[in-house]
Amino acid sequence: MPALMSPRSVFFLLFLGTVFAMLFAVLFLQQHLGLAPCPLCVTQRGFMILTGLFALFAALHNPGITGRRLYAGLCVLAAGGGAAVAGRHVWLQHLPEDQVPACGPSLGYLLDTLPLSEAFSVIMMGDGNCAETVWTFLGLSIPEQTLAGFVVLCLLSLWQLLRG
């Protein structure tokens, strides 16, 4: 049992969780169901990939306590950023219809025409596409499921950061 709880194993578990989440998003939601990701979904995917990369690097590196805490802190930051974006997305989905922002240009157009800082702020505002609930599982929308996933990743990373 101790080998299953080793820091390396937990980081590898974090990495596998992010891989599973990305496979679900791309293969099932996008390819099988044909759901195109909105700008906030793409941003959440970026944070999921970043969290997974930090966890993978930590698992491969297998550092001592200081390195483990550094990697865990990076995972907390990445998963926390993803949770913040997912929380914003959930908030948009629960706005009354008359308060939902108007639909905006595509993510590609924003990135091509605006400086990165402006494109990022426009993306974070969300739009009408982000407020749509297009698929649910167990009564949870995709952003709600993603938020739950980020919370789990964040809690596991915090545990890695704080354990002795």
(request) Report whether Val76 and Leu70 are members of the same hydrophobic cluster (ILVMFWY, side-chain heavy atoms less than 4.5 Å apart, transitive linking). (result) no
(request) Mind checking side chain to side chain contact (heavy atoms under 4.5 Å, CB included) for Leu147 and listing every partner two or more places apart, or none if nothing turns up? (result) Ala83, Ala86, Val90, Val151
(request) Would you list the pairs meeting side chain to side chain donor-acceptor pair (under 3.5 Å) in which at least one residue belongs to residues 21-37, sequence neighbours left out? (result) Gln30-Arg45
(message) Holding to side chain to side chain contact (heavy atoms under 4.5 Å, CB included), I want the full list of residues that pass it with Leu138, two or more places apart in sequence or in another chain.
(response) none
(message) Show me the pairs that pass side chain to side chain donor-acceptor pair (under 3.5 Å) and involve residues 48-62, at least two apart or across chains.
(response) His61-Tyr71
(message) Within the 4.5 Å heavy-atom criterion, are Cys38 and His89 side-chain neighbours or not?
(response) yes
(message) According to a hydrophobic-cluster definition based on side-chain heavy atoms being under 4.5 Å apart (Ile, Leu, Val, Met, Phe, Trp, Tyr only), do Phe57 and Met48 belong together?
(response) yes
(message) Listing request: all ring pair (Phe, Tyr, Trp, His ring centres under 6.0 Å) pairs with a residue in residues 136-164, at least two apart in sequence or in separate chains.
(response) none
(request) Applying side chain to side chain contact (heavy atoms under 4.5 Å, CB included), name anything that partners Val19, two or more places apart in sequence or on another chain. (result) Phe15, Leu23
(request) Quick one: list whatever passes side chain to side chain donor-acceptor pair (under 3.5 Å) with Glu144, sequence neighbours left out. (result) His94, Ser141
(request) Identify, with sequence neighbours excluded, every residue that meets side chain to side chain contact (heavy atoms under 4.5 Å, CB included) alongside Leu16. (result) Phe12
(request) Quick one: list whatever passes side chain to side chain donor-acceptor pair (under 3.5 Å) with Arg8, sequence neighbours left out. (result) none
(message) With rounding to the nearest 0.5 angstrom, report the OG1 to CG distance, Thr146 to Leu29.
(response) 8.0 Å
(request) Decide yes or no for Leu14 and Ser157: does some side-chain heavy atom of the first lie under 4.5 Å from some side-chain heavy atom of the second? (result) yes
(message) Measuring only between side-chain heavy atoms, which start at C-beta, is Leu40 closer than 4.5 Å to Leu92?
(response) yes
(request) Report whether Phe11 and Leu53 are members of the same hydrophobic cluster (ILVMFWY, side-chain heavy atoms less than 4.5 Å apart, transitive linking). (result) yes
(request) Return the set of residues passing ring pair (Phe, Tyr, Trp, His ring centres under 6.0 Å) with Phe24 (not counting sequence neighbours), or none when no residue passes. (result) Phe28, Trp135
(message) Could you tell me if the side chain of Pro7 sits less than 4.5 Å from the side chain of Arg163, heavy atoms only?
(response) yes
